[in-house]
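This report refers to the structure that appears directly beneath it.
Only a predicted model underlies this, so the values are computations on that prediction, with no experimental measurement involved.
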Amino acid sequence: MGFALPGPGGLCATPAEFWETISTGACHVEKDGVFFGQVRTDIADVRERYPELPAKILNLYSPVQLYGLISMAEACTDAGLDWRAGHLSEAAILAARDGGDCWSTQYADILNTDRNKATREEINELGTRLALTGIPMDVANVQVALVAGTGPNFTVSNGCTSSAVLLGMAHRMIAAGEVDVAVVTGADVFGLDFLQHYADLLDRYAELGEAAGETVDAMEDAALAMTEQMRPYDRNTPGSNMGNGSITLVVESRDHAERRGATPYARMLSQRTRRSPQHSAFAIDRSGTGMVQASRDAMAGLVEADQIDYVNGGAEGDRVFHETESNIVGRLFGDRASRMPVTVQEACFGHNGGPLGNLGVAASSLMIQRDEVCPTAGCLDPADECHFDPVPGTATRPMRIDHALSFNYTVGMVSSAILLGKA
């Protein structure tokens, strides 16, 4: 696994740095009073990992592509896979993208260019940037080109479940014998100026509702917090902090890993995606029907619900998830629900879209390997609506973990459940 996430020095890149952050619940999203996960990285960081890439090419890459290259380099190093020696020539190189606003930046640059003043070189650069960075395949394209790969190469965009869905696809490709190795990257970039303006609009929305004597509705539940820290499962959470970043996971067949002497963090057993049965594309199903079904389908024939030791939740700081995940955990685990540890690490880095599925699996895999449950980052005073154990505080809890579920949701309550076990 490899990362390009906000860190204590501006960049969290290695599994050790990632564990140090999630095991203490450290939050790296605040700068000058603004809570937004910014990744400190530039072309020099990429050149350090790929000295053969010329600056002329890197100057054309967008930030999200640079993040994707950094996280892939770190994941390959962690996995002991040398792309220069051809170890990834037949691997699947796959990317998950929620989208953010990075594509629109390229369109805006062209629209804002004065036809009568632009030089030939500038026009050529604009066209090249558009072809490289104005499409959903932006990250996957530069990654597969780097390794000169001949294996499967595509992008999945399914909101905040994108990398969770893609991990399931990679798992099934490996099980079917199509590939032995899949490099799965989730990456996204959000514009800070855009989010600050949108947060101002949400504040205005609430003010107008209050003036009209209206009650809080779903739009206000889904608050975007820019001046306070998000606190999933906490009674004082203000909403969600956003963030940028990239996470790459190497998914590999057991036989291939054993042949090369690699030691995996955990075993991915299954992944399933389901949607709650609602007629709105912006629905919030507080009963969690889709996630309950996805979890049961993921466990079917593999484990029983009473064999699940830990759940990595999908909460992002919105209060709506307190009730939603309580209902899901209650329906899945019955009398065990109140004792089930359910934690989430999004507050460490911000809610970053495409990487979220990889985030949950990376965190859960390290917990399974170490038999320690990480706390819910930012949670100090659990909300009464959370009828499970969110493990508040800043320390891990020793506990044997044989099986875990990782949850992810997207707009419309599309739900992904991933079942993990010891390697």
Side-chain angles (χ1 to χ4, degrees), residues 158 160-176 182 184 249 251-254 264-277 285-315 321 324-345 356-369 371-374 386-391 399-410 413-423:
N158 195 47
C160 300
T161 64
S162 295
S163 54
V165 170
L166 191 56
L167 285 170
M169 296 175 71
H171 179 266
R172 287 186 279 276
M173 291 169 68
I174 290 172
V184 178
L249 300 182
V251 186
E252 185 175 10
S253 72
R254 180 181 290 272
Y265 289 105
R267 185 181 181 190
M268 184 176 170
L269 298 171
S270 65
Q271 181 274 341
R272 294 293 183 271
T273 305
R274 295 292 181 266
R275 186 185 187 277
S276 292
D285 174 19
R286 295 173 188 254
S287 70
T289 300
M291 183 59 78
V292 171
Q293 189 60 54
S295 299
R296 287 174 176 166
D297 289 348
M299 292 186 290
L302 297 170
V303 298
E304 299 296 330
D306 61 7
Q307 293 176 274
I308 300 297
D309 304 301
Y310 166 76
V311 172
N312 192 269
F321 285 104
T324 302
E325 294 206 327
S326 291
N327 289 333
I328 293 167
V329 173
R331 292 173 65 183
L332 286 174
F333 303 111
D335 294 341
R336 296 180 60 221
S338 63
R339 304 187 303 276
M340 177 62 69
V342 181
T343 74
V344 63
Q345 287 71 49
L356 289 174
N358 279 2
L359 173 61
V361 168
S364 299
S365 297
L366 289 171
M367 293 183 228
I368 289 171
Q369 182 197 49
D371 284 322
E372 296 179 63
V373 174
C374 290
C386 294
H387 303 308
F388 50 81
D389 181 3
V391 190
M399 189 186 81
R400 181 172 177 84
I401 308 174
D402 289 318
H403 297 99
L405 283 171
S406 181
F407 291 170
N408 284 102
Y409 312 95
T410 194
M413 287 303 284
V414 175
S415 302
S416 169
I418 296 180
L419 176 64
L420 301 163
K422 284 199 178 294

[X] side-chain N/O to [Y] backbone N/O, donor-acceptor pair under 3.5 Å:
X: His387; Y: Gly330; answer: no
X: Asn358; Y: Val184; answer: yes
X: Glu325; Y: Cys386; answer: no
X: Ser295; Y: Ala417; answer: no
X: Asn327; Y: Gly288; answer: no
X: Arg254; Y: Arg267; answer: no
X: Asp389; Y: Met340; answer: no

Original post:
Does any pair with a residue in residues 292-306 pass salt bridge (charged side-chain N to carboxylate O under 4.0 Å, His left out), and if so which ones, sequence neighbours excluded?
Top reply: Arg274-Asp297
**OP:** For the pair Lys422 and Asp309, evaluate salt bridge (Lys or Arg N to Asp or Glu O under 4.0 Å) and give the outcome as yes or no after the intermediate values.
**Re:** CA-CA 12 Å; Lys422 284 199 178 294; Asp309 304 301; over 6 Å; no
Roughly how far, to the nearest 0.5 Å, is the [atom2] atom of [Y] from the [atom1] atom of [X]?
X: Leu166; Y: Thr161; atom1: CG; atom2: OG1; value: 10.5 Å
X: Asp402; Y: Asp371; atom1: CG; atom2: CG; value: 7.5 Å
X: Leu420; Y: Ser365; atom1: CG; atom2: OG; value: 5.0 Å
X: Ser364; Y: Met268; atom1: OG; atom2: CE; value: 11.5 Å
X: Ile308; Y: Leu332; atom1: CD1; atom2: CG; value: 9.0 Å

Measure across [X] and [Y] and return the closest heavy-atom pair with its distance rounded to 0.1 Å.
X: Arg339; Y: Asp335; value: NH1-O, 3.4 Å
X: Gly357; Y: Asn408; value: CA-OD1, 3.3 Å
X: Ser287; Y: Ile328; value: O-CG1, 4.2 Å
X: Ile174; Y: Ser253; value: CG2-CB, 3.6 Å
X: Ala294; Y: Ser415; value: CB-O, 4.0 Å

**OP:** Kindly determine whether Gln271 and Arg172 satisfy side-chain contact (heavy atoms from CB on, under 4.5 Å), including the steps that lead there.
**Re:** CA-CA 9 Å; Gln271 181 274 341; Arg172 287 186 279 276; 3.3 Å; yes
**OP:** Before giving the answer on side-chain contact (heavy atoms from CB on, under 4.5 Å), spell out for Thr343 and Met367 the whole-Å C-alpha distance, their side-chain angles and the decisive distance to 0.1 Å.
**Re:** CA-CA 11 Å; Thr343 74; Met367 293 183 228; 4.3 Å; yes
**OP:** Would you please test Val361 and Asn312 for side-chain contact (heavy atoms from CB on, under 4.5 Å) and show each step?
**Re:** CA-CA 8 Å; Val361 168; Asn312 192 269; over 6 Å; no
**OP:** Mind checking salt bridge (Lys or Arg N to Asp or Glu O under 4.0 Å) for Asp285 and listing every partner two or more places apart, or none if nothing turns up?
**Re:** none
Are [X] and [Y] close enough that some pair of their side-chain heavy atoms sits under 4.5 Å apart?
X: Met291; Y: Thr324; answer: no
X: Leu269; Y: Met299; answer: no
X: Phe407; Y: Val342; answer: no
X: Ile368; Y: Tyr265; answer: no

**OP:** Assess the pair Tyr409 and Phe321: is the distance between their ring centroids shorter than 6.0 Å?
**Re:** yes
Subject >> Step-by-step side-chain contact (heavy atoms from CB on, under 4.5 Å) determination, Leu302 to Gln307 >> reply: CA-CA 10 Å; Leu302 297 170; Gln307 293 176 274; over 6 Å; no
**OP:** Using distance alone, with no hydrogens and no angle criterion, decide if Gln293 and Arg272 have a side-chain donor and acceptor under 3.5 Å apart.
**Re:** no
Subject >> Member of Asn158, Thr410, Leu167, Thr273 meeting the side-chain contact (heavy atoms from CB on, under 4.5 Å) criterion with Ser416 >> reply: Thr273
Original post:
With sequence neighbours left out, what residues match Tyr310 under ring-ring contact (aromatic ring centres under 6.0 Å, His included)?
Top reply: none
